[in-house]
Amino acid sequence: MKKISKSGVLAAISALLLLTGCGKQVREVSMKEFTSPDGTYSIEADTDYVEVDSGLDNYLSLELPDKHDSGSLAIMQFPKKGNPLGGFSSLDEFIEFMENANSISDKKEYSIPDNKEFIDSAAYTCTITEDGNTCEASLLYWETSYAHYLLLNTEPVINPHDDDYLRKVCVSFQENAEIISAKSTPSTDLSDTIRWFNASNSVLIDANGWDYQIFGGLEPGDAAQITIRHLLDNSWGVTDTDSANETLDWLLLNGHRADFEADMEYLKETGIDEISEEERTAFLLANFEMTEETALYYTKWYGRYEKYGESAASGWDYNRALSQIANFYLAGYYSLEEALDASLSVAETIQADFDSWDDYMESYFTGYEYWAEESSDGRREIYESLQNAPDNPFAVDFNTRLEKTW
């Protein structure tokens, strides 16, 4: 599986941006504190608001009693690690992504007051059209060291230069450092076996901006389930436990290594094994319609196949099997115990076929190149970076005795 495309899961989160009401009349505002369901942040807003259950622990949704005649305020939090959509490289990238989820027009920028929590911030008034309904709104974005935030306000039409209501909201925002620290601190009660599972998938998990200190990279919950189900349906055709089992069986019994092996055997039939390694690229170019870059790849792959056989690329399939097992759990198709049991079986196969993390990952990179038809340099860089990280997931010994600890 390639790195998850943020645009590829817009459909899964666009419902979180649906308008809950458009304002018609200006009111006097007094303020009170509201806290996100998970306790990671709080703001002060109109005391007349009532909190609405959004089903997401880090999403604060507020409405006035008569939502048709007044307005709403919602704050969406996107942690930089362990977030289903992955980390954003900048506030600008976050803004672009979120605004692609809605039809926005008449956007006008304004400034919001500084808050010591903010690394960066931006704010706009705009018109949002959703399901044929048009509403005046304010969009406020900010970034902290922990997360990116979007505040969507459909309060009665506000001129931000005359009305300081949203400014008061921004000034009041604060994160709960104690709760965030607890959520961000790697769990110390993970067994070495589960740490091994995490390490095996850590390159992809990190590429997605997820957290390799968590089984599967994400905290289980509604947000993860919505996103992962969308991903599995669109990328794998997995919609339930039966189709999940079929996908896992294919990865373990055939996968892309079957095609890889067939291609390498065909090259062997052409006599490539009788040609020196230095002349194989020229041989491929003379006998097949392929670019020099592709010929270089096949030369490299055949050399690995000569030495390792099926194991030359099987690490790719086994890695994806472990990744999908965790996804099946996050999607709600496997229980945690079922996912960990299945992971243990795959991990034991990997340990039997490879000698070290480097050995396993080299097979993974080869399989990735064959599948993606592109360089694995980006993934290799992540692997090297993780090995030098303070929380290096590969610190767990590859030959750790794997056992059921759950």
Side-chain angles (χ1 to χ4, degrees), residues 4 6 9-20 32-45 49-63 72-88 94 97-98 101 117-118 139-153 169-170 172-187 189-190 198 205 208-232 326-336 339:
I4 293 176
K6 293 185 175 69
V9 293
L10 273 175
I13 58 90
S14 61
L16 303 182
L17 287 176
L18 292 177
L19 301 180
T20 55
K32 77 172 183 180
E33 184 177 69
F34 294 89
T35 302
S36 64
D38 66 357
T40 55
Y41 65 90
S42 65
I43 55 103
E44 290 185 5
Y49 276 127
V50 293
E51 190 167 346
V52 179
D53 183 8
S54 67
L56 299 176
D57 287 344
N58 57 352
Y59 178 38
L60 181 61
S61 179
L62 307 175
E63 290 182 356
S72 65
L73 183 148
I75 298 180
M76 300 172 64
Q77 179 201 71
F78 294 82
K80 293 181 177 179
K81 295 191 70 176
N83 165 32
L85 298 181
F88 296 89
F94 174 63
F97 171 71
M98 296 310 299
E117 305 271 8
F118 297 173
L139 299 174
L140 284 69
Y141 302 90
W142 62 86
E143 174 185 1
T144 69
S145 59
Y146 174 68
H148 288 92
Y149 292 85
L150 165 64
L151 185 155
L152 170 65
N153 184 63
V169 174
C170 287
S172 72
F173 170 84
Q174 57 182 338
E175 290 180 327
N176 187 314
E178 183 176 348
I179 293 179
I180 286 176
S181 177
K183 291 172 69 73
S184 303
T185 300
S187 175
D189 59 0
L190 290 180
N198 292 354
I205 289 173
N208 284 331
W210 298 356
D211 188 350
Y212 47 75
Q213 300 292 349
I214 303 171
F215 177 63
L218 298 174
E219 293 285 355
D222 290 338
Q225 185 176 98
I226 290 169
T227 303
I228 298 301
R229 285 194 174 191
H230 177 81
L231 168 69
L232 289 173
N327 284 339
F328 299 158
Y329 159 62
L330 292 169
Y333 302 144
Y334 283 9
S335 69
L336 178 58

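As the structure is a computational prediction, the values presented were derived from the model and not from experiment.
In this structure, the separation between SG on Cys170 and CG on Leu151 is 6.5 Å, given to the nearest 0.5 Å.
With a 4.5 Å cut-off on side-chain heavy atoms, Leu140 and Phe173 do not count as touching. Counting heavy atoms from C-beta on, the side chains of Leu232 and Tyr333 come closer than 4.5 Å.
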| said: With side chain to side chain donor-acceptor pair (under 3.5 Å) as the criterion, how do Gln77 and Thr40 come out once you've worked through the C-alpha distance, each side chain's angles and the decisive distance to 0.1 Å? | reply: CA-CA 9 Å; Gln77 179 201 71; Thr40 55; 3.0 Å; yes
| query | Please walk me through it: do Phe94 and Leu150 pass side chain to side chain contact (heavy atoms under 4.5 Å, CB included)? | reply | CA-CA 9 Å; Phe94 174 63; Leu150 165 64; 4.1 Å; yes
| task | Step by step, work out the side chain to side chain contact (heavy atoms under 4.5 Å, CB included) result for Phe34 and Leu73. | result | CA-CA 11 Å; Phe34 294 89; Leu73 183 148; over 6 Å; no
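Residues Leu330 and Leu218 come closest through the heavy atom pair CD2-O, 3.6 Å. The two residues Gln225 and Gly332 make their nearest non-hydrogen contact at NE2-CA, 4.1 Å. Closest heavy-atom contact between Asn198 and Gly216: OD1-N, 4.2 Å. For the pair Ser42 and Thr35, the tightest heavy-atom approach, listed with the atom from each and the gap, is CB-OG1, 3.7 Å. Of all heavy-atom pairs between Met98 and Met76, the closest is CE-CE, 4.0 Å. For the pair Leu62 and Ala45, the tightest heavy-atom approach, listed with the atom from each and the gap, is CD1-CB, 4.1 Å.
Aromatic ring pairs are classed by plane angle as parallel below 30°, tilted from 30° to 60° and perpendicular above 60°; the pair Phe88 and Phe97 is tilted.
Using modelled atom types, one finds a donor on one side chain and an acceptor on the other under 3.5 Å when comparing Glu175 with Tyr149.
Between the side chain of Ser172 and the backbone N or O of Val169 there is at least one donor-acceptor pair closer than 3.5 Å. Distance alone, capped at 3.5 Å, is enough to place a donor-acceptor pair between the Tyr41 side chain and the Leu60 backbone.
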